[in-house]
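Heads up: the structure comes next, in structure tokens.
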Amino acid sequence: MAVRLFARLYRARDLLVAGPLRRRWQRRGDLPAWPVVAGDYRVGDTAAGVAVCTLSSRDLIEPVARLPGVAIAGRLVTVNLGIEDLVTNLVANPRIRALVLCGKDSPVFHTAQAVRALVEHGVTAEHRIIGARGHWPVLASLSATQIERFREQIAVIEAIGTSDLSLIARGERAAPGLALRAGQTARALTDNAHAPPGELQRSGAIQPAGAISANRSGDFHAHT
């Protein structure tokens, strides 16, 4: 019931701020109107390759969205509807290849852990995120194609717990190189934007991205 209530609130809020109309006017190049679903986010540079999830920290959304190189910044509350909307929006924009997780994570929903588990382990046949600790981590509204494309397209960069814009910006600036080191190529993602994810993996062009984290010095590295 709580999940359905969140969904209705987001849709109502999106209509009140003319979200569908705004997205229709956000056509850039050969991309469709984007983002494609409503949510608690702000759009930055739609030609950029990095998305930022501020987890439960709403106050970070506006300043992070204004950082150079950020396509979209928004928060994430639940490990079901929230992650479904996040995945839907990111795979709809093939330019986005990295997702920075920052801000305060929910001690109840464990959204950051669920995103990492999704990228690293995928889902069961029932679309339950393998290894996720949050409440009801089931992505019932996503297709297997969407889930696999997200795992192949997106490298996760962890700066969880920080609200330091300079550190978040460092993660954003490091994202393109780290995404490439995680086995991705921008050309493959662009040229194969409509190819089945399995074909990308079999060709060797795309590999599951894995997760990337910041150490205490603020240097970002990919997990092996």
Side-chain angles (χ1 to χ4, degrees), residues 28-32 34-37 39 41 46-53 69-72 74 76 79-101 111-132 137-159 171-172 174-213 220-224:
R28 297 288 181 88
D30 58 347
L31 290 177
W34 185 85
V36 295
V37 295
Y41 55 69
T46 56
V50 178
V52 179
C53 174
V70 173
I72 187 171
L76 179 62
V79 294
N80 32 68
L81 289 176
I83 292 182
E84 286 178 358
D85 289 349
L86 181 146
V87 169
T88 300
N89 275 332
L90 296 196
V91 299
N93 186 341
R95 292 191 179 103
I96 295 180
R97 299 184 297 115
L99 173 65
V100 177
L101 299 178
T111 48
Q113 187 272 336
V115 172
R116 180 174 178 178
L118 174 62
V119 172
E120 292 185 344
H121 307 300
V123 297
T124 67
E126 294 75 30
H127 286 202
R128 176 179 289 271
I129 301 173
I130 298 171
V138 179
L139 309 180
S141 297
L142 293 180
S143 68
T145 299
Q146 287 175 301
I147 293 170
E148 287 309 304
R149 181 169 291 282
F150 176 78
R151 298 183 65 221
E152 293 164 352
Q153 177 180 329
I154 301 298
V156 174
I157 297 174
E158 296 181 358
E172 175 273 317
L178 291 172
L180 289 170
R181 274 183 259 164
Q184 297 174 284
T185 65
R187 183 166 186 173
L189 283 170
T190 302
D191 294 347
N192 298 284
H194 302 293
E199 291 299 322
L200 298 181
Q201 280 195 318
R202 282 192 290 273
S203 70
I206 303 295
Q207 299 295 327
I212 299 165
S213 64
F220 292 86
H221 61 280
H223 294 293
T224 56

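These numbers come from a predicted model, not from an experiment.
- Side chains of Leu118 and Leu139 form a contact here, defined as non-hydrogen atoms less than 4.5 Å apart.
- Taking the side chain as every heavy atom from C-beta outward, Leu99 and Leu86 approach each other to under 4.5 Å.
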(request) Could you please spell out the steps behind the side chain to side chain contact (heavy atoms under 4.5 Å, CB included) verdict for Asn89 and Tyr41? (result) CA-CA 11 Å; Asn89 275 332; Tyr41 55 69; 3.8 Å; yes
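- Judged by distance alone, the side chain of Glu84 and the main-chain N or O of Leu142 form no donor-acceptor pair under 3.5 Å.
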(request) Show your reasoning for whether side chain to side chain contact (heavy atoms under 4.5 Å, CB included) applies to Val79 and Thr111. (result) CA-CA 6 Å; Val79 294; Thr111 48; 3.9 Å; yes
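- Here the closest non-hydrogen pair linking Trp34 and Ala71 is CZ3-O, 4.0 Å.
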(request) Please step through side chain to side chain contact (heavy atoms under 4.5 Å, CB included) for the pair Leu76 and Ile83, ending with a clear verdict. (result) CA-CA 7 Å; Leu76 179 62; Ile83 292 182; 4.0 Å; yes
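- Using a distance-only test at 3.5 Å, with no hydrogens or angles considered, no donor-acceptor pair links the side chain of Asn93 to the main chain of Pro35.
- In this structure, the side chains of Val119 and Phe150 come closer than 4.5 Å at one or more pairs of heavy atoms.
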(request) In sequence, state the C-alpha distance, the side-chain angles, and the governing distance for Ile72 and Val52, and then conclude on side chain to side chain contact (heavy atoms under 4.5 Å, CB included). (result) CA-CA 6 Å; Ile72 187 171; Val52 179; over 6 Å; no
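- Rounding to the nearest 0.5 angstrom, the gap separating the OG atom in Ser141 from the CG atom in Asn80 is 9.5 Å.
- Considering only heavy atoms from C-beta on, Ile96 stays 4.5 Å or farther from Val50 through its side chain.
- With sequence neighbours excluded, the residues forming a side-chain contact (heavy atoms from CB on, under 4.5 Å) with Ala132 are Gln113, Ala114, Ile129, Pro137, listed by chain and number.
- Of all heavy-atom pairs between Leu90 and Gln153, the closest is O-NE2, 3.2 Å.
- A salt bridge links Glu148 with Arg151: the closest approach of a Lys/Arg side-chain nitrogen to an acidic carboxylate oxygen falls below 4.0 angstrom.
- Shortest non-hydrogen contact noted between Arg95 and Thr46 is NH1-O, 4.0 Å.
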